[in-house]
Structure formats: structure tokens, C-alpha cells
**Student:** 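Quick one: the structure is below, and I'll ask about it shortly.
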Amino acid sequence: MAVLGIVFGLVESSSAGWGSPRVTGALVLGAVALLAFLGWEHRSPAPMLPLRFFRNRGFNAINGVSLLMYFGMFGSIFLVTQYVQTVQGASPLGAGLRLLAWTGMTLIAAPIGGVLSDRIGGRPIVLTGMVLQAAGLVVIALTVTESSGFLTLLPAFVLNGLGMGLYFGPAANLALGAVRRSEEGIASGVNNTIRELGGVFGVAVLSAVFAARGGYESGHAFVTGMRAAVWLGAAAVAVAAVWSLWLAGRAPGADTDPGPADADAKSSGGAPTTPDPAAAVPVHSPGPAAQPPVGLRG
């Protein structure tokens with residue numbers, strides 16, 4: 001209900017206007033439903049979404065980065081796909097083939113990002129991915145025109161694909177590594193939901209910006225609206241790049257199966273406890289001195 005109200009209000013705002021009772025009512029209904037859900041989860045003895053997850057800096061960071069990345073990238077992809085067909089005149093199949101330069105680079109970069117994150121930690125990999133994606137969207141906003149060909153946009157497609165792949169590789173490990181092993185399923189669900197919400201809000205908001213600044217009347221109108229929307233998407237991904245500096249690092253060779261004490265420390269944002277090696281050494285009191293057999297005594 002919360003997501004439905006907010007998304008409906010954002011989508012309808014471009015045609016009905018922000019002051020429309022329909023738009024205002026939907027946004028208020030969505031906000032009230034969201035607050036009610038959070039209040040219920042806060043008081044529930046067995047919440048579907050443990051709010052204490054969000055007291056962990058690393059968990060907050062990866063979910064914030066995911067939200068903004070999906071907002072900026074998928075809102076922009078929604079318009080770029082239409083640009084290739086509407087302005088460049090490509091068929092749906094032709095548009096898909098052109099965008100393989102984007103998605104194909106994602107398939108190549110994702111496993112590389114996963115391997116590198118295991119060695120040096122996920123933070124620098126995700127940061128690099130966000131910077132590449134922001135740069136790719138800036139290139140699109142600067143170079144797109146009514147007569148732009150595929151080769152004009154190819155560098156931006158490659159940058160965006162590489163950046164997305166570097167994000168996808170370590171993102172799941174960063175989200176799951178911030179909680180207890182027994183709660184990884186919940187953390188995964190939260191991260192996936194936040195990513196999908198980012199995509200929904202990105203398409204809704206960037207489409208509203210596109211409609212306010214341009215339209216489908218002509219190629220010039222489409223490019224004008226698309227350029228404004230893609231700039232907003234680039235700004236969102238740039239903020240995600242800054243937010244990624246707060247991601248938790250991971251030392252090479254770190255234990256991936258923390259004990260209960262370390263898991264509790266992770267969930268509360270604290271440092272894991274290290275047992276005292278001396279405490280693990282059993283101390284025995286000396287017994288009576290050994291006596292030789294009776295027959296050998298002098």
C-alpha cells in the first residue's frame with residue numbers, strides 16, 4: 001500500500017499536477033502506510049523487517065547505494081531504450097542488439113568484481129562501479145542529440161555496463177556480511193526490495209522530469225526531456241558513489257563464518273571480539289611427584 005500510493009502519486013504528477021487531489025491523496029496515503037508499517041515492525045516481537053539492521057553502518061550504506069544506483073540507472077535505461085527506437089528509428093530487436101554493448105559488459109565485469117572484492121574488499125570495487133556509471137550517464141547527457149548514432153553512445157554504454165558489473169559482484173556479500181548468518185535471508189530480501197524500489201522510483205521520477213521538460217512530439221523534444229532526466233540520474237549515482245565510502249571493508253582472508261559474538265557485534269555496528277589466546281590454554285595444578293616402583297627403592 002505504501003509503495004503503491006507513492007509510486008502512483010509520482011506517476012500521475014506529470015499529467016495531473018502536484019496540486020491535484022488525486023496526486024496529493026496518493027502521496028499522503030503512501031506516507032501514512034509507510035509510517036504505520038515501520039511502527040508495527042518496531043513493536044512486533046518477531047518483525048518481518050528487523051529495524052535494528054539499519055543501525056549497522058555497512059548495511060545502511062550498501063542499501064543506500066543500491067537504492068540510488070537503481071534509481072539513476074534504471075530510470076535512465078527506460079528513456080535510453082525509447083530514444084534508440086523513437087529518435088534513432090531502431091526496431092525493438094535492433095534496440096536490444098545495440099544495448100548488448102551495455103549488458104554484455106555487465107556480464108564480463110560482474111565476475112571480475114566478485115573476485116576482486118574477495119581479495120581487496122567490496123568498498124573500492126563498488127566505489128569504482130559507481131564512478132564509472134555516473135561518468136557514463138554524464139557522457140550520454142552531454143553527447144546525445146537528435147542525430148546521434150550508435151557509435152556516439154557506445155563509450156557511455158561500455159562505461160555503464162562495466163560500472164554495473166562491478167557493483168553486482170560484491171553487493172550481495174556486503175549486504176549479507178552485515179548480519180548474522182541466520183538472518184541472511186531477511187537481509188537479502190531487504191536488499192532486493194530496496195533495489196527494486198529504487199528502479200520503480202527512478203522510472204517514475206525520471207519519466208516525470210522527461211514529461212515536464214520534453215515529450216514525444218519531435219526528436220528535439222524527446223532529447224530535451226531525456227537530457228534533463230539523465231542528468232538527474234547521473235546526480236543520483238554520483239551521490240551513491242560518495243555514500244559507498246561508508247561501506248564496510250573486508251580484510252583478505254577474513255573469516256566468513258563469524259561466531260555468535262562476532263555476529264552480535266556486526267549487527268550492532270561494533271567490532272568483533274577476539275578471544276584471548278591465553279584463556280584457551282588449560283592450566284593444571286601439579287600433582288604429587290611420581291614415585292619409583294617399590295622394588296627399585298633404595
Side-chain angles (χ1 to χ4, degrees), residues 58 60-81 83-84 95-144 148 150-175 191-192 194-203 205-206 226-227 229-250:
N60 277 336
I62 188 58
N63 282 290
V65 169
S66 300
L67 179 72
L68 291 175
M69 192 279 276
Y70 270 65
F71 177 95
M73 291 305 299
F74 286 89
S76 299
I77 290 172
F78 178 73
L79 295 173
V80 170
T81 305
Y83 167 81
V84 174
L97 292 175
R98 286 171 171 82
L99 289 173
L100 280 176
W102 189 322
T103 56
M105 295 308 299
T106 301
L107 293 176
I108 294 173
I112 296 175
V115 171
L116 290 177
S117 68
D118 290 339
R119 296 184 178 182
I120 64 175
R123 177 167 51 199
I125 308 303
V126 173
L127 173 60
T128 303
M130 294 301 110
V131 171
L132 289 176
Q133 290 178 77
L137 292 180
V138 168
V139 170
I140 291 176
L142 290 175
T143 61
V144 67
S148 296
F150 170 69
L151 293 179
T152 302
L153 297 177
L154 179 60
F157 288 178
V158 171
L159 287 174
N160 287 324
L162 287 173
M164 290 180 71
L166 291 179
Y167 158 82
F168 285 133
N173 286 338
L174 288 169
N191 184 251
N192 286 332
I194 287 176
R195 288 192 292 182
E196 296 303 323
L197 289 177
V200 169
F201 290 142
V203 171
V205 174
L206 268 63
M226 173 182 162
R227 187 180 291 120
V230 172
W231 273 118
L232 177 59
V237 179
V239 174
V242 175
W243 204 342
S244 66
L245 295 173
W246 275 262
L247 288 171
R250 181 184 182 277

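Quick caveat, the model's predicted, so the values are computed rather than measured. Below, all heavy atoms of this structure are taken into account, side chains as well, without hydrogens, waters or symmetry copies.
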**Student:** How long is the gap from CG on L116 to CD1 on I125, to the nearest 0.5 Å?
**Tutor:** 4.5 Å
**Student:** Is any side-chain heavy atom of V242 closer than 4.5 Å to a side-chain heavy atom of W246?
**Tutor:**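 Result yes, sub-4.5 Å side-chain heavy-atom pair found.
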**Student:** Can you pull the side chain to side chain donor-acceptor pair (under 3.5 Å) pairs that have at least one residue in residues 126-139, sequence neighbours excluded?
**Tutor:** none
**Student:** Nearest 0.5 Å, what's the CG-CG distance between N63 and N191?
**Tutor:**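 Result: 4.5 Å between the selected atoms.
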**Student:** What are the two closest heavy atoms between A156 and V139, and how far apart are they?
**Tutor:**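 Answer, listing the atom of A156 first, then V139: CB-CG1, 3.8 Å.
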**Student:** Distance from L100 atom CG to T103 atom OG1, nearest 0.5 Å?
**Tutor:** 4.5 Å
**Student:** Quick check: closest heavy atoms across A101 and F150, and the distance to 0.1 Å?
**Tutor:** CB-CZ, 4.3 Å
**Student:** Passes side chain to side chain contact (heavy atoms under 4.5 Å, CB included), M226 versus L206? Steps please.
**Tutor:** CA-CA 8 Å; M226 173 182 162; L206 268 63; over 6 Å; no
**Student:** Tell me, please, which residues at least two apart from A241 pass side chain to side chain contact (heavy atoms under 4.5 Å, CB included).
**Tutor:**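 Applying side chain to side chain contact (heavy atoms under 4.5 Å, CB included) to A241 gives L127, M130, V131.
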**Student:** Please collect all ring pair (Phe, Tyr, Trp, His ring centres under 6.0 Å) contacts where either partner lies in residues 96-136, sequence neighbours excluded, each pair once.
**Tutor:**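 Checked against ring pair (Phe, Tyr, Trp, His ring centres under 6.0 Å) - neighbours excluded - the pairs reaching residues 96-136 are W102-F157.
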**Student:** L107: which residues meet the side chain to side chain contact (heavy atoms under 4.5 Å, CB included) condition with it, sequence neighbours left out?
**Tutor:** none
**Student:** Which atom pair, heavy atoms only, marks the closest approach of S117 to P170?
**Tutor:** CB-CB, 3.4 Å
**Student:** If you look at every heavy atom in V138 and A234, which pair is closest and at what distance?
**Tutor:**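 Smallest heavy-atom distance, with atoms named: CG2-CB, 4.0 Å.
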**Student:** Before giving the answer on side chain to side chain contact (heavy atoms under 4.5 Å, CB included), spell out for V126 and L166 the whole-Å C-alpha distance, their side-chain angles and the decisive distance to 0.1 Å.
**Tutor:** CA-CA 6 Å; V126 173; L166 291 179; over 6 Å; no
**Student:** Looking at residues at least two apart in the chain, or sitting in another chain, which of them share a side-chain hydrogen bond (donor to acceptor under 3.5 Å, both in side chains) with T152?
**Tutor:**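 For T152, no residue satisfies side-chain hydrogen bond (donor to acceptor under 3.5 Å, both in side chains) once neighbours in sequence are set aside.
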**Student:** Can you tell me if R227 uses its side chain to pair, donor with acceptor, with the backbone of V144 under 3.5 Å?
**Tutor:** yes
**Student:** Give me the atom names and distance for the closest heavy-atom approach of I62 to L247.
**Tutor:**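 Heavy atoms of I62 and L247 come nearest at N-CD2, 3.4 Å.
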**Student:** Return the set of residues passing side chain to side chain contact (heavy atoms under 4.5 Å, CB included) with V200 (not counting sequence neighbours), or none when no residue passes.
**Tutor:**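 Partners of V200 under the side chain to side chain contact (heavy atoms under 4.5 Å, CB included) test: V7.
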**Student:** Can you pull out every side chain to side chain donor-acceptor pair (under 3.5 Å) where at least one residue sits in residues 158-172? Sequence neighbours excluded, please.
**Tutor:**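 Every side chain to side chain donor-acceptor pair (under 3.5 Å) pair that includes a residue of residues 158-172, provided the two are not neighbours, is S66-Y167.
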**Student:** Pair up each side-chain donor or acceptor in residues 68-80 with any protein partner under 3.5 Å, not counting sequence neighbours, and list the distances.
**Tutor:**
from, atom 1, to, atom 2, distance (Å)
S76, OG, G72, O, 2.7

**Student:** Can you name the closest pair of heavy atoms from M164 and T106 and give their distance?
**Tutor:**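 In this case the closest contact between M164 and T106 is CB-OG1, 3.9 Å.
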